[in-house]
Protein chains: 2
Amino acid sequence: MPAPRVTEGRVDDRRTAGRRSGDRRAGQSVPPATVARLPGYLRALEATASQGAVLTSSDELAARAGVTPAQLRKDLSFLGSYGRRGVGYDVGHLREQITVVLGLADVRRVIVVGVGNLGHALANYAGIAERGFALVGLVDADPAVVGSTVAGLVVEPADDLRGVVSRTGATIAVLTTPAAVAQQVCDELVAAGVVGILTFAPGALRVPPHVDVRAVDVASELQILAFHDRARSADGGAS
Amino acid sequence: MPAPRVTEGRVDDRRTAGRRSGDRRAGQSVPPATVARLPGYLRALEATASQGAVLTSSDELAARAGVTPAQLRKDLSFLGSYGRRGVGYDVGHLREQITVVLGLADVRRVIVVGVGNLGHALANYAGIAERGFALVGLVDADPAVVGSTVAGLVVEPADDLRGVVSRTGATIAVLTTPAAVAQQVCDELVAAGVVGILTFAPGALRVPPHVDVRAVDVASELQILAFHDRARSADGGAS
DNA sequence: TAGATTGTTAATCGATTAACAATC
DNA sequence: TAGATTGTTAATCGATTAACAATC
């Protein structure tokens with residue numbers, strides 16, 4: 001393993017000092033569009049590493065991640081200078097840096113609220129545990145589901161949502177309840193201290209500014225695909 | 001029902017003529033960011049309609065959709081002039097317009113490839129049928145799953161993916177296979193004539209320019225939430 | 001040294017916001 | 001008419017792209 005020129009943890013860039021805590025500058029200065037692409041870069045790095053490569057280039061990594069090399073370099077430049085001109089990037093080192101920036105150095109505790117078909121599938125989704133998240137609780141309102149074991153956890157009643165959050169220390173919640181109750185459940189999650197919510201319920205959620213919401217809406221995605229399908233078929237097979 | 005001032009189908013705006021087919025201008029001129037918000041507006045309109053309202057305003061609609069009134073009006077302006085100054089928007093009329101623009105006036109045929117936990121949940125997802133999509137096929141590579149009935153359809157073998165696409169006339173596919181085979185399945189879908197793919201498999205898919213891909217990556221979403229969680233906890237409870 | 005590849009700069013592009021004239 | 005609300009304009013902001021100097 002080649003010694004990286006830059007010692008780990010060394011303060012080598014004015015934007016992203018090596019301090020793990022107390023440093024909010026990275027959080028403030030990495031553009032949202034860049035943050036959203038970092039998980040893809042991390043995945044690409046893992047694929048590269050699994051093939052035994054120690055060095056990689058912006059060309060290779062960008063191809064794997066499905067972006068342009070220019071965009072990849074620009075994105076990485078917000079994190080610091082972790083490559084070497086004329087050489088490329090150290091796979092393991094860059095991987096660690098992105099892991100730290102994304103906040104994956106510590107385990108984040110996740111609960112799933114709503115254990116229907118989708119919640120069940122997500123609770124069993126291997127990607128959650130594989131990527132440094134700990135599934136620590138399952139909650140559902142249906143008495144027929146409460147008490148059953150899913151993904152190694154006993155489903156707890158929605159009544160006790162607050163208790164589950166505080167006992168488990170969950171900071172992130174996956175929301176798969178019906179749309180009709182999503183806002184109410186969301187409010188309870190926020191009151192209980194959750195700061196990140198991944199919702200699969202259609203419709204906008206209102207949250208205070210310190211809470212982050214990511215929404216996945218399957219029906220919306222299909223509708224967006226329909227738009228392009230229409231635009232395409234509208235030319236009557238021309239082209 | 002109040003007669004809308006603008007007759008349906010009338011060519012009343014230079015950008016979006018009323019022609020249903022042969023008109024590619026809307027597809028070319030509506031910005032992607034706007035297209036991505038249209039499903040949310042449609043949902044907001046449906047909620048408004050279900051409460052019996054016939055008229056609405058950009059203020060009300062924007063609040064429901066979780067955007068600013070200025071953004072809503074700007075977005076709608078790309079579709080045409082469907083409101084009335086001083087009055088607001090006719091709920092039913094606007095709903096129809098957005099439905100047409102999104103290509104939901106015709107039923108789009110959808111297949112699900114990969115009937116594991118997630119594929120199973122999505123096949124049973126009511127939102128698909130409710131929003132003008134027809135689930136017309138299920139495909140899986142696992143012999144233990146092939147032949148079983150899910151959501152009223154018999155799961156067909158992955159060998160016959162092309163046949164399923166051509167027999168059903170599916171133009172949109174939902175992809176929930178393991179990441180390792182996603183690109184290969186994607187290639188087959190494209191070869192069979194699918195033009196829209198909603199993938200839940202992590203990793204970038206390479207497709208020709210005429211094919212549209214929307215990617216939902218649950219692990220990435222959680223990692224993005226972790227970034228903000230970190231940025232928040234990094235200030236040591238300050239603020 | 002010569003070749004390679006990063007990190008950064010500047011230009012372009014697209015999206016958002018705010019304000020207001022048009023007009024119902 | 002007076003009040004209300006749209007549709008549009010212009011300004012701002014953020015993201016992407018391309019090119020290249022820095023430097024390994």
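In what follows, every chain begins at residue 1, and chains take the letters A, B, ... in the order their sequences are listed. Since the model is a prediction, treat every value here as computed from it, not as a measurement.
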Side-chain (B/Thr99) to main-chain (B/Arg95) donor-acceptor, under 3.5 angstrom: yes
A/Asp75 CG to C/dG7 P, straight-line distance once rounded to whole Å: 12 Å
With B/Arg109 via salt bridge (Lys or Arg N to Asp or Glu O under 4.0 Å) - residues at least two apart: none
Short side-chain to backbone donor-acceptor contact, B/Arg108 and A/Leu222, under 3.5 Å: no
side-chain N/O A/Tyr89 vs C/dG7 OP1/OP2, d < 4.0 Å: yes
Rounded distance [0.5 Å steps], OG1 in B/Thr34 versus CG in B/Leu76: 9.0 Å
Interatomic distance where CZ belongs to B/Arg84 and C1' belongs to D/dG3 [whole Å]: 16 Å
Student check: side-chain heavy atoms of B/Gln71 and B/Thr68 closer than 4.5 Å: yes
Length of the CG-P vector between A/Leu94 and C/dT6, whole Å: 11 Å
Which atom of A/Arg73 lies closest to which atom of A/Tyr89, heavy atoms considered: CG-OH, 3.7 Å
Of residues 35-53 of chain A, the positions that come close to DNA chain C - non-hydrogen atoms, cut-off under 4.0 Å: none
Sequence-distant partners of A/Arg131, salt bridge (Lys or Arg N to Asp or Glu O under 4.0 Å), two or more places apart: A/Glu46
Touch class at under 4.0 angstrom, heavy-atom based, for A/Pro32 against every strand present: sugar-phosphate
Nearest-nucleotide pick for B/Pro31, side chain only, options being C/dT6, C/dT8, C/dA15: C/dA15
Under 3.5 Å donor-acceptor, A/Thr48 side chain and A/Ala44 backbone: yes
Side-chain heavy-atom pair B/Leu38, B/Leu79 within 4.5 angstrom cut-off: yes
Exercise: identify the closest heavy-atom pair between B/Ala173 and B/Leu189: CB-CD1, 3.7 Å
Phosphate OP1/OP2 of D/dT6: any B/Ser58 side-chain N/O under 4.0 Å: yes
Short side-chain to backbone donor-acceptor contact, A/Thr176 and A/Gly114, under 3.5 Å: yes
Bracket notation of DNA chain C in which parentheses pair within the strand, [ ] cross earlier pairs, and | pairs with another strand (Watson-Crick or G-U, under 3.5 Å): ..||||||||||||||||||||||
Can you check nucleotides 17-22 of chain C for protein contacts, nitrogen or oxygen pairs under 3.5 Å, and list what you find?
{"residue": "C/dA22", "atom": "N3", "partner": "B/Arg85", "partner atom": "NH1", "Å": "3.0"}

Length of the line joining A/Phe78:CZ and C/dT9:C1', which is rounded to integer Å: 12 Å
d(CG, B/Leu76; C1', D/dT6) in whole Å: 10 Å
Which donor-acceptor pairs under 3.5 Å do side chains of residues 190-211 of chain B form with protein atoms, sequence neighbours excluded?
{"residue": "B/Thr199", "atom": "OG1", "partner": "B/Ala201", "partner atom": "N", "Å": "3.0"}

Value in whole Å for how far the P atom of D/dG7 lies from CG of B/Asp59: 13 Å
Spacing of B/Glu60 atom CD relative to D/dA4 atom P, expressed in whole Å: 16 Å
Nearest-angstrom distance from the residue atom CG of B/Asp90 to C1' of C/dC24: 15 Å
